[in-house]
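Residue numbers start from 1 in every chain, and the chains themselves are labelled A, B, ... in the order their sequence lines are given, proteins ahead of strands. All values reported here derive from a predicted model rather than from experimental measurement.
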Amino acid sequence: MATFALVDVNSFYCSCERVFDVRLQDVPVVVLSNNDGCVIARTSEAKALGIKMGEPWFKVRDMAQRGGVKAYSSNYALYADMSQRCMTVLSQFASSVEVYSIDESFLALDGHDPARLASLGGEIRARVLQWTGLPVGVGIASTKTLAKFANHLAKKHPAFTPAGVCNLIDVPPARLDKLLAATSTEDIWGVGRRLSARLAAQGIEDALALRDAPADQIRTRYSVVLERTILEMRGVSCLALEEVMPDRKEIVVSRSFGRPVVELHELREAVASYATRASEKLRRQAGAAGGVSVFLHTNLFNDDPRYSASTAVQLVEPSADMRELVGAACAALQRLFRPGYRYAKAGVMLLDLAPAAIRQETLWSPSLSRDPAALMRAVDGINKRMGRGTLRTAAAGQRRAWSMRRQRLSPCYTTRWQDVPMARA
DNA sequence: TCTGGGGTCCTAGGACCC
DNA sequence: TCTGGGGTCCTAGGACCC
């Protein structure tokens with residue numbers, strides 16, 4: 001029987017902020033989305049105040065501040081670096097690790113003494129905390145879906161020992177049934193709000209009823225995906241550990257603007273910036289794009305006149321060249337733009353991605369002596385050393401008055417020398 | 001009056017995840 | 001005034017092919 005652990009960091013973004021500021025230890029902390037728009041991470045103290053996930057910050061700000069909440073703009077440079085440190089520690093505990101998201105990993109624990117799994121979970125927690133300062137939860141079970149559930153239980157029930165660890169393999173079947181019966185289907189990995197509502201309408205009101213529903217009926221009425229979830233809940237492992245992250249099939253860079261944008265030239269700066277960033281991500285996976293799509297829209301929440309549009313441009317041959325991708329994106333924007341609207345957001349998607357190495361050249365492809373890839377390697381190299389955006393296309397602009405608000409940003413403690421308190425002194 | 005069967009590819013939309 | 005960003009997979013239906 002396979003054994004999986006799911007390890008995740010509690011309130012990850014908030015915990016990262018706490019590591020570097022002891023004053024945040026016992027106070028409620030939230031981290032906001034880009035543009036300081038919504039609450040996307042909350043500590044338990046902030047949850048206790050009734051602050052919901054995804055809630056617009058301007059709606060809860062007054063209440064939150066009265067309650068002593070400290071709010072931060074999201075600092076992805078800090079979180080990405082802390083994530084790497086955490087994953088490095090986790091890799092010491094398992095031969096195979098799947099980094100599932102910025103704050104979660106699945107570990108293959110096969111080969112460990114079954115009697116020692118729970119205490120192993122405790123050791124994982126202790127070492128990650130000691131080496132990175134981040135608190136994690138550990139769920140252990142025979143399938144990935146059950147490991148997710150175990151992790152959920154470890155957070156909810158302080159009774160499991162050691163604290164923060166739940167090993168479902170040790171839980172007697174009758175007790176497991178009770179725990180499932182007390183769990184909403186929505187709290188099962190793979191079941192979202194919509195499916196949960198449809199299931200409830202069919203009389204499947206809790207996770208126990210879902211597990212025991214007839215699998216073939218579920219497949220016919222819903223999908224093979226949900227059938228797999230049910231099998232996994234029964235201990236039949238259908239989802240394997242995926243160690244190598246497959247290359248992205250599409251790359252999206254999009255942002256809401258810090259304020260409404262009316263002028264084409266400002267939109268062009270934004271779209272060129274997004275295309276530049278997207279091309280960096282593309283080259284990082286050694287890919288080339290066959291097409292570029294651009295979208296833009298006005299504010300969907302207020303009474304501004306609505307306009308929303310997208311269009312795609314096919315490239316003559318796949319490319320990872322920043323200049324070509326920015327050019328294509330700007331051409332697409334030109335087609336979409338309608339004057340007189342107050343635009344709120346734009347985005348660039350790179351489509352039809354393929355490995356750059358196997359691309360099909362045309363009769364007019366540049367010769368090797370004018371290798372555009374060499375130029376891009378130089379650009380990427382300089383930006384890596386000197387900071388993102390040091391070299392960019394002129395189209396990406398200088399003033400960038402449209403860029404997002406981040407008024408509550410913490411320092412990049414681990415990735416910028418200027419931001420290290422000691423270095424400033 | 002009669003109007004096959006089977007396959008592939010593409011796209012849009014819906015659902016999920018963090 | 002203020003409402004995030006970036007992904008994946010599956011399915012149904014239409015176009016098209018022989």
Side-chain angles (χ1 to χ4, degrees), chain A residues 6 8-13 30-41 51-62 64-65 71-76 79-80 83 98-106 144-145 148 151-152 185-199 218-229 238-239 242 245-260 270 274 277-278 281-282 285 290-291 293 295 297-304 310 312 342 344-353 403-408:
Chain A
L6 179 80
D8 79 337
V9 182
N10 304 337
S11 314
F12 178 54
Y13 297 168
V30 300
V31 170
L32 307 177
S33 64
N34 277 343
N35 250 341
D36 296 343
C38 300
V39 175
I40 54 169
I51 299 174
K52 303 267 183 313
M53 184 70 176
E55 202 160 22
W57 175 236
F58 75 90
K59 285 188 180 171
V60 291
R61 186 174 45 213
D62 289 347
Q65 289 177 336
Y72 288 86
S73 304
S74 24
N75 183 344
Y76 285 104
Y79 309 151
S83 172
E98 173 185 343
V99 178
Y100 175 66
S101 76
I102 193 163
D103 74 326
E104 278 177 73
S105 271
F106 286 103
K144 287 169 109 179
T145 304
K148 278 283 239 185
N151 179 284
H152 170 82
T185 56
E186 210 185 320
D187 289 333
I188 298 298
W189 189 40
V191 182
R193 251 208 345 261
R194 316 247 173 174
L195 274 177
S196 180
R198 279 175 64 192
L199 287 165
I218 292 289
R219 184 181 51 216
T220 330
R221 211 184 279 215
Y222 299 88
S223 69
V224 296
V225 182
L226 191 58
E227 182 193 27
R228 228 155 28 210
T229 297
C238 306
L239 303 169
E242 291 172 27
M245 256 223 284
D247 285 340
R248 299 268 89 96
K249 294 172 177 173
E250 55 185 38
I251 289 171
V252 181
V253 176
S254 73
R255 299 274 183 279
S256 298
F257 303 129
R259 55 147 172 84
Y274 303 163
R277 178 73 191 117
K281 293 184 179 184
L282 178 63
Q285 68 172 40
S293 156
F295 69 86
H297 60 76
T298 53
N299 192 321
L300 304 171
F301 299 98
N302 64 14
D303 295 332
D304 282 359
S310 71
R342 292 158 54 81
K345 180 175 177 177
V348 171
M349 300 175 68
L350 303 183
L351 312 168
D352 307 330
L353 306 190
S403 58
M404 65 185 180
R405 286 186 305 275
R406 297 168 91 187
Q407 288 174 341
R408 301 159 167 277

Residue pair A:K249, A:L353: steps toward the side-chain contact (heavy atoms from CB on, under 4.5 Å) verdict: CA-CA 6 Å; A:K249 294 172 177 173; A:L353 306 190; 5.9 Å; no
Can you tell me how far C1' in C:dC16 sits from the matching atom in B:dG4, rounded to whole Å? 16 Å
Nearest whole Å is fine: how far is C:dC2 P from A:D62 CG? 16 Å
Look for any protein N or O under 3.5 Å of an N or O in nucleotides 8-15 of chain B and output each such pair with its distance, or none.
residue: B:dA15; atom: OP2; partner: A:R194; partner atom: NH1; Å: 3.4

What integer distance in Å separates A:E242:CD from C:dG7:C1'? 14 Å
note: A:I102, atom CD1; C:dG7, atom C1'; distance rounded to Å ~ 14 Å
What integer distance in Å separates A:D187:CG from B:dC16:P? 13 Å
Report the residues that fulfil side-chain contact (heavy atoms from CB on, under 4.5 Å) with A:E55, sequence neighbours left out, ordered by chain and then residue number. A:I51, A:K52, A:V60
Could you work out, with side-chain contact (heavy atoms from CB on, under 4.5 Å) as the rule, every residue matching A:E242, not counting sequence neighbours? A:E98
Describe, in one word, how the ring planes of A:Y79 and A:Y13 are oriented to each other, choosing from parallel (under 30°), tilted (30 to 60°) and perpendicular (over 60°). parallel
Extract from the structure each pairing of a protein N or O with an N or O of nucleotides 3-6 of chain C at less than 3.5 Å, listing the distance.
residue: C:dG4; atom: O4'; partner: A:S33; partner atom: OG; Å: 2.8
residue: C:dG5; atom: OP1; partner: A:S256; partner atom: N; Å: 2.4
residue: C:dG5; atom: OP2; partner: A:S256; partner atom: OG; Å: 3.0
residue: C:dG5; atom: OP2; partner: A:K345; partner atom: NZ; Å: 2.9
residue: C:dG5; atom: O3'; partner: A:S254; partner atom: O; Å: 3.4
residue: C:dG5; atom: O3'; partner: A:R255; partner atom: NH1; Å: 3.2
residue: C:dG6; atom: OP1; partner: A:S254; partner atom: N; Å: 3.4
residue: C:dG6; atom: OP1; partner: A:R255; partner atom: NH1; Å: 2.8
residue: C:dG6; atom: OP2; partner: A:S254; partner atom: N; Å: 2.5
residue: C:dG6; atom: OP2; partner: A:S254; partner atom: O; Å: 2.9
residue: C:dG6; atom: OP2; partner: A:S254; partner atom: OG; Å: 2.6
residue: C:dG6; atom: O5'; partner: A:V252; partner atom: O; Å: 3.4

Starting at atom CZ of A:R408, determine the distance to atom C1' of C:dC2, rounded to an integer number of angstrom. 12 Å
Using a 4.0 Å heavy-atom cut-off across all strands, classify A:E55 as base, sugar-phosphate, or nothing. nothing
For A:G37, is there any backbone N or O sitting under 3.5 Å from a side-chain donor or acceptor partner on A:N35? no
Separation of B:dC17 atom P from A:D103 atom CG, nearest Å, is 15 Å
How does DNA chain B read in dot-bracket, base by base from 5' to 3', with Watson-Crick or G-U pairs under 3.5 Å and | used when the partner is on another strand? ....||||||||||||||
Assert: residue with more 5' nearest nucleotide on DNA chain C, out of A:P260 and A:R219, is A:P260
Using the six-membered ring wherever Trp is involved, compare the ring planes of A:H297 and A:F295 and label them parallel, tilted or perpendicular (cut-offs 30° and 60°). parallel
Go through the structure and list residues passing side-chain contact (heavy atoms from CB on, under 4.5 Å) with A:R277, not counting sequence neighbours. A:V253, A:E280, A:K281, A:R388
Would you mind telling me which residue lines up with the more 5' stretch of DNA chain C, A:V225 or A:R61, judged by nearest nucleotide? A:R61
For the side chain of A:D103 and the backbone of A:F12, is there at least one donor-acceptor N/O pair under 3.5 Å apart? no
Between C:dT1 atom P and A:Q407 atom CD, what is the distance in whole Å? 16 Å
Is the ring pair A:F257/A:Y274 parallel, tilted or perpendicular, if the boundaries are 30 and 60 degrees? parallel
Which atom pair, heavy atoms only, marks the closest approach of A:Q407 to A:S73? N-OG, 3.3 Å
Donor-acceptor contact below 3.5 Å, side chain A:Q285 vs main chain A:R248: yes
